[in-house]
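To keep things clear, I will list the structure first and then write my remarks on it.
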2 protein chains.
Amino acid sequence: MNTLSYGLLSLLSLKPCSGYDLMHQFELFWPAKHSQIYPLLSAMEKEGLVSFELVSQSDKPDKKVYTITDRGTAALKEWLEGPTGEPVMKDEMLLKTYCLWNTSPENALRMFGEREKLYEEKLGRLEAKVRMLEQVANGDPDNLEFRSHYFGIYMLLNKALSNTRSNLEWCRWARAAIGKRIHEGGG
Amino acid sequence: MNTLSYGLLSLLSLKPCSGYDLMHQFELFWPAKHSQIYPLLSAMEKEGLVSFELVSQSDKPDKKVYTITDRGTAALKEWLEGPTGEPVMKDEMLLKTYCLWNTSPENALRMFGEREKLYEEKLGRLEAKVRMLEQVANGDPDNLEFRSHYFGIYMLLNKALSNTRSNLEWCRWARAAIGKRIHEGGG
DNA sequence: TGGCATTATGTCAAAACTGACATAGAAGGG
DNA sequence: CCCTTCTATGTCAGTTTTGACATAATGCCA
């Protein structure tokens with residue numbers, strides 16, 4: 001039982017999902033490939049933390065829908081009471097920024113432009129999720145109760161939105177700072 | 001040559017450092033243990049990307065100070081021109097937040113309280129670094145030139161500060177949102 | 001009919017990373 | 001004098017994670 005296993009239980013506590021679904025939902029806060037998720041689910045099924053059901057689909061390939069068991073829920077609740085690991089951020093962009101003076105201002109502008117685009121796309125996807133949440137929450141997510149299955153998602157979306165906006169602003173500020181130095185003939 | 005190797009070259013392009021120093025400087029943007037850094041530096045030395053010198057210290061144990069070589073600088077510049085990997089964030093707190101309705105509001109408050117403290121401490125460390133940068137930049141870091149060795153660090157500190165402040169605010173907002181629901185008898 | 005994207009699941013070798021073990025000099029407190 | 005903390009470097013077994021390989025059904029476009 002590692003952190004990713006508990007993450008799978010966390011998502012499954014909301015509703016039953018296929019491994020494929022879980023992988024896509026994970027992207028936001030714990031990126032993992034299918035080659036890691038499928039064997040883990042299989043192992044968790046053997047331990048009795050989750051169960052699965054084969055579901056036939058007419059328009060798509062069949063899938064295995066996993067459901068959390070009582071044992072899984074018990075493990076989940078125990079995990080929630082325990083200590084929480086520190087956040088880990090790994091961003092190649094930061095490593096490059098550190099030694100930015102080793103490249104041309106033009107290349108630096110390109111780098112930050114690409115990163116800006118990435119954050120813009122992420123922001124768009126997040127805003128779409130917020131609109132979806134507003135629909136299922138019947139209007140204002142601020143009225144969600146603590147026991148609502150959507151309360152946690154609402155909090156996560158708030159964090160992701162403010163982080164992404166902050167990062168987007170940073171890219172724009174960096175591009176302006178570099179541009180200013182190009183026109184000043186700084187180099 | 002993986003991303004961490006280039007990260008080491010990036011830090012070494014600023015000034016020669018020991019492995020121990022590098023490890024501590026990495027904490028901010030690519031956490032790595034000494035058990036990963038020491039063997040990597042050794043391998044990079046064999047490939048001629050860095051060289052080292054044994055430095056005796058009277059007040060502390062001796063150390064190996066690594067310096068980037070011409071080959072290392074060439075590799076660094078090539079890396080800066082290439083594609084940049086997407087940022088990866090792994091945070092157990094987010095996994096727990098997703099299924100927060102499975103625990104008590106009191107435990108949720110504790111979790112966010114601990115996280116708030118963590119971000120407060122991080123903010124303090126960052127602000128200390130900003131003050132150090134202001135000293136070496138002779139006042140306003142906004143006047144740093146693109147070619148300055150400190151320009152990149154200035155940009156990184158800006159990002160880290162705004163991210164940490166954003167995360168701190170999020171923790172406080174979350175605690176208020178949970179507290180409100182406790183007093184409303186929501187549960 | 002062939003090619004491509006999406007959905008869907010799986011295996012496996014290799015790479016990245018962690019945690020524990022191991023050593024050791026120096027400083028500071030009790 | 002012992003204990004702890006900090007500095008400093010190293011190894012290694014085990015865990016986590018990736019990237020490649022493998023298969024296959026469906027829909028869509030040409």
Side-chain angles (χ1 to χ4, degrees), chain A residues 1-8 11-12 16-27 29-47 50-66 83 85-92 95 125, chain B residues 1-9 11-12 16-27 29-47 50-67 83 85-92 95 125:
Chain A
M1 288 295 292
N2 54 22
T3 308
L4 183 56
S5 317
Y6 287 110
L8 291 167
L11 297 210
L12 289 174
C17 277
S18 69
Y20 189 81
D21 283 340
L22 290 167
M23 180 184 63
H24 287 296
Q25 286 171 53
F26 259 106
E27 265 171 15
F29 40 84
W30 196 287
K33 318 280 177 186
H34 74 276
S35 52
Q36 195 180 7
I37 288 176
Y38 289 136
L40 248 188
L41 280 171
S42 184
M44 288 163 72
E45 193 268 333
K46 273 166 200 152
E47 289 181 51
V50 297
S51 62
F52 72 88
E53 191 189 1
L54 284 166
V55 172
S56 297
Q57 297 184 114
S58 55
D59 55 336
K60 289 177 235 174
D62 299 349
K63 61 181 177 180
K64 283 167 84 168
V65 172
Y66 286 88
E86 293 195 10
V88 170
M89 174 62 151
K90 295 201 172 173
D91 188 351
E92 194 170 0
L95 299 178
R125 288 196 299 276
Chain B
M1 287 295 292
N2 53 23
T3 307
L4 184 56
S5 317
Y6 287 111
L8 291 168
L9 290 181
L11 296 210
L12 289 174
C17 278
S18 69
Y20 188 80
D21 283 340
L22 289 166
M23 180 185 63
H24 288 295
Q25 286 171 53
F26 258 106
E27 266 171 14
F29 39 87
W30 196 288
K33 317 281 176 183
H34 73 276
S35 52
Q36 195 181 5
I37 289 176
Y38 289 136
L40 248 188
L41 280 171
S42 182
M44 288 163 71
E45 193 269 332
K46 273 165 199 152
E47 288 181 52
V50 297
S51 62
F52 72 87
E53 190 189 2
L54 284 167
V55 173
S56 297
Q57 297 184 114
S58 55
D59 53 338
K60 287 177 239 177
D62 298 351
K63 61 182 176 179
K64 283 166 83 168
V65 171
Y66 286 88
T67 305
E86 293 194 10
V88 170
M89 174 63 150
K90 295 199 172 174
D91 187 353
E92 195 171 359
L95 299 178
R125 288 196 298 274

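Chain letters run A, B, ... following the sequence lines, proteins first and then strands; every chain starts at 1.
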List the atom pairs, donor and acceptor, that lie under 3.5 Å between side-chain atoms in residues 29-36 of chain B and the rest of the protein, sequence neighbours left out.
none

Do any side-chain atoms of residues 18-26 of chain B form donor-acceptor pairs under 3.5 angstrom with protein atoms, and if so which ones, sequence neighbours left out?
unit_1  : atom_1 : unit_2  : atom_2 : d
B:Ser18 : OG     : B:Asp21 : N      : 3.1
B:Ser18 : OG     : B:Asp21 : OD2    : 3.3
B:Tyr20 : OH     : B:His24 : NE2    : 3.4
B:Gln25 : OE1    : A:Tyr98 : OH     : 3.4

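The residue among B:Asp62 and B:Lys90 whose nearest nucleotide of DNA chain D is located toward the 5' end is B:Asp62. Positionally, the nearest nucleotide of DNA chain D for B:Val65 lies more toward the 5' end than for the other of A:Gln36 and B:Val65.
Put simply, NZ on B:Lys64 and OG on B:Ser42 are 6.0 Å apart, with the number rounded to the nearest 0.5 Å.
When every heavy atom of B:Val50 is checked against every heavy atom of B:Leu41, the shortest pair comes out as CG2-O, 4.0 Å. Counting all heavy atoms, side chain and backbone alike, B:Asp91 lies closest to A:Gly85 at OD1-O, 4.3 Å. Residues B:Pro16 and B:Thr67 share a closest heavy-atom pair of CB-OG1, 3.6 Å.
Distance CD1 (B:Ile37) to P (C:dA16): 14 Å, rounded to an integer number of Å. Rounding to whole angstrom units, CE of residue B:Met23 and C1' of C:dG19 are separated by 14 Å. A:Lys33 places its NZ atom 17 Å from the C1' atom of C:dT9, with the value rounded to the nearest Å. The distance between atom NE2 of B:His34 and atom P of C:dA22, rounded to the nearest whole Å, is 13 Å. Between A:Asn2 atom CG and C:dG19 atom P the separation is 12 Å, expressed in whole Å. Remark: C1' of C:dT11 and CG of A:Leu41 are 15 Å apart, rounded to the nearest angstrom.
Closest contact between the side chain of A:Lys63 and the listed nucleotides C:dT9, C:dA20, C:dT11 involves C:dT9. Residue A:Tyr20 has its side chain nearest to C:dT6 when only C:dA20, C:dT6, C:dA16 are considered.
Using a 4.0 Å heavy-atom cutoff across all strands shown, A:Ser18 reaches sugar-phosphate atoms only and no base atom.
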side-chain contact (heavy atoms from CB on, under 4.5 Å) evaluation trace for B:Cys17 with B:Leu11
CA-CA 8 Å; B:Cys17 278; B:Leu11 296 210; 5.8 Å; no

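More than 12 heavy atoms of other residues, nucleotides or ligands lie within 6.0 Å of CD in B:Gln57, so this atom counts as buried by the packing criterion.
Annotation: side-chain hydrogen bond (donor to acceptor under 3.5 Å, both in side chains) contacts of A:Asn2 (sequence neighbours excluded): A:Ser5.
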All N/O contacts under 3.5 Å from nucleotides 25-27 of chain C to the protein, with atom names and distances to one decimal?
unit_1 : atom_1 : unit_2  : atom_2 : d
C:dA26 : O3'    : B:Asp59 : O      : 3.0

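In this structure, the side chains of B:Lys90 and A:Pro87 stay at 4.5 Å or more apart for every pair of heavy atoms. Using a 4.5 Å heavy-atom threshold, the side chains of A:Lys63 and A:Leu54 count as separate.
You can see that DNA chain D meets the heavy atoms of chain B within a 4.0 Å-exclusive cut from D:dT7 to D:dT17, reading 5' to 3'.
At its two ends the helix from C:dT1-D:dA30 to C:dG30-D:dC1 runs along axes set 30° apart, each axis drawn from five pairs and the angle rounded to 10°.
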